[in-house]
Amino acid sequence: MQPRFFAILTALLLGVLGLGSVAVTDWSPAAATSPAATTASGGGAGARPAAVGGASATPTGDPAVWTRSTLRNKMMAEMDATDPGVALADLDKITKEKPYTVRFCHPIAHELGHAAVKRYHEDFQKVISFPHETCAAGYLHGAVEEMLNASTQPEVDLLKLCAPQNTGPCIHGVGHGTMFVAKQDVAKARDLCNKFTSDQNRIRCSEGLFMQLFGPDEEDEQAKANLPADKLAQDPLYPCKDQPSLFQSACFFYAPTFYLSSHDYPNHPEVYAEALKWCLNGKASGGAADCSRGVGSRTMKYNLDREDWAAQQCATAADGWQRKACAEGLVSYYTVNYTDGGAAGRLCAKITNKEMQGYCRSAGGLSGSLD
């Protein structure tokens, strides 16, 4: 056989074989893998098993396990394509189907509120015309923040935004906004809250103020950086005992959010019981009970899909007054998240510890705007 003819024949055969391999090869992209997702992993009692293949898509195209970033991106895209009402309705649906998402749905709703104010050119009535109760009114909070942040006279406008109804959640949102305006300066933000004429509204405003201060539970690294580590090391409940009496309760209530986030609560479920012991540092200044209520509230917020386990953490407190305060916090968050009249009863029915169940049934009187 001539060398030239042989070379041509060989090339033809290789071409045929190559086309055949292309035809039988599965060229669809492999499913992406990521570290196992979990909302409370790590060893020890109460740890949740990791969700294998958490990043894989469901038939709807949504991830099997939501993270803050994936849920946030979906909601922002939906709002861009439609309107805030559609995004908020979907966010509400997801949080009810996947209760663990409640841990980070509030800051996502904040972002939707910020974006809506910009989209509708600061037409606040248009912004809040969409149903906005989901995720403890986070959308409303974000909208008020953005309105105050854009205001040239925030000390005047903060009294107008929520009028005439002046609902608790709206004024709570003003409290968040005071911290934006004051650049995280507590004293300046407090002065803005004091523009309200009634103590009730000043207290509601203080709730948003201190929730924004202790923002790391919302994965807000900037807020975390603004908390002076040296002062916190010297005084675990800084700056609560230094606040005027009207503002102390909200400060102590939200202080556990920083403690829990700085102790990596998703991977260390034992930290909830430890936080109750930490709250005892507030005994001298009268803040231990409010701090314990705050631990109960955060415990429920971060474990909304396992109510009985959350109650068991409250039951670890050594003293009955603290177990009771913690149970009040459980009820407080549960009823802010589930706003129907039967929410508290459903929660109490799921608690197996009889003492904790009794505290649950007797709980009441807490602010309806405490998120």
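Side-chain atoms are counted along with the backbone in the values below, which use heavy atoms only and exclude waters and symmetry mates.
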So do [Y] and [X] actually touch side chain to side chain, heavy atoms under 4.5 Å?
X    : Y    : result
L148 : V174 : yes
Y302 : T299 : no
Y359 : C326 : no
L91  : E78  : no
L280 : Q322 : yes
L112 : M76  : yes
R346 : D340 : yes
E122 : E146 : no

Go through it in stages, so that I can follow the logic: the residues are H263 and E274, the test is side-chain hydrogen bond (donor to acceptor under 3.5 Å, both in side chains), and I'd like the CA-CA distance, side-chain angles, deciding distance and then a yes or no.
CA-CA 10 Å; H263 287 74; E274 292 170 3; 5.9 Å; no

Do [X] and [Y] sit within salt-bridge range, that is, some charged N less than 4.0 Å from a carboxylate O?
X    : Y    : result
R202 : D199 : yes
K195 : E155 : no
R293 : D290 : yes

Please answer: with hydrophobic residues joined when any side-chain heavy atoms are less than 4.5 Å apart, are [X] and [Y] in the same cluster?
X    : Y    : result
V127 : L158 : yes
I108 : F180 : no
V117 : V86  : no
Y265 : W309 : yes
L347 : V102 : yes

Where do [X] and [Y] come nearest, in terms of heavy atoms and distance?
X    : Y    : value
F130 : G85  : CD2-N, 3.5 Å
A325 : S292 : CB-CB, 3.9 Å
Q248 : S285 : OE1-O, 3.9 Å
C193 : G175 : SG-CA, 4.4 Å
P84  : Y120 : CD-OH, 3.4 Å
I351 : M356 : CG2-CB, 3.9 Å

Quick check for you: to the nearest 0.5 Å, what is the distance between [X] atom [atom1] and [Y] atom [atom2]?
X    : Y    : atom1 : atom2 : answer
M300 : C314 : CE    : SG    : 7.5 Å
R204 : Q200 : CZ    : CD    : 4.0 Å
L140 : F124 : CG    : CZ    : 5.5 Å
L213 : C251 : CG    : SG    : 7.0 Å
L237 : Q243 : CG    : CD    : 12.0 Å
C162 : N201 : SG    : CG    : 8.5 Å

Without swapping roles, check the side chain of [X] against the backbone of [Y] for a donor-acceptor pair under 3.5 Å.
X    : Y    : value
S332 : E328 : no
Q357 : C348 : yes
D308 : T352 : yes
S297 : G294 : no

Carefully, step by step, assess T70 and K74 under the rule side chain to side chain contact (heavy atoms under 4.5 Å, CB included).
CA-CA 6 Å; T70 56; K74 176 182 174 68; over 6 Å; no

Check each of [options] against [X] using the side chain to side chain contact (heavy atoms under 4.5 Å, CB included) test, and report the only one that passes.
X    : options              : answer
Y100 : V65, L304, N303, T95 : V65
F214 : Y259, F253, F258     : F258
M75  : I94, D80, L88        : I94

Parallel, tilted or perpendicular: ring planes of H106 versus H176, cut at 30 and 60 degrees
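Aromatic pair H106/H176 classed tilted.
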
If the plane angle is over 60° it's perpendicular, under 30° parallel, otherwise tilted; pick one for H172 and Y254.
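Rings of H172 and Y254: perpendicular, as their planes differ by over 60°.
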
Evaluate the criterion side chain to side chain contact (heavy atoms under 4.5 Å, CB included) for residue pair Y272 and R298; output intermediate values, then yes/no.
CA-CA 9 Å; Y272 297 105; R298 301 304 91 175; 5.6 Å; no

Run the side chain to side chain contact (heavy atoms under 4.5 Å, CB included) check on C360 and L330 step by step: do they pass?
CA-CA 8 Å; C360 178; L330 296 177; over 6 Å; no

Which is it for D83 and R119 under the side chain to side chain contact (heavy atoms under 4.5 Å, CB included) test, yes or no, and what are the steps along the way?
CA-CA 10 Å; D83 61 45; R119 175 172 175 170; 4.3 Å; yes

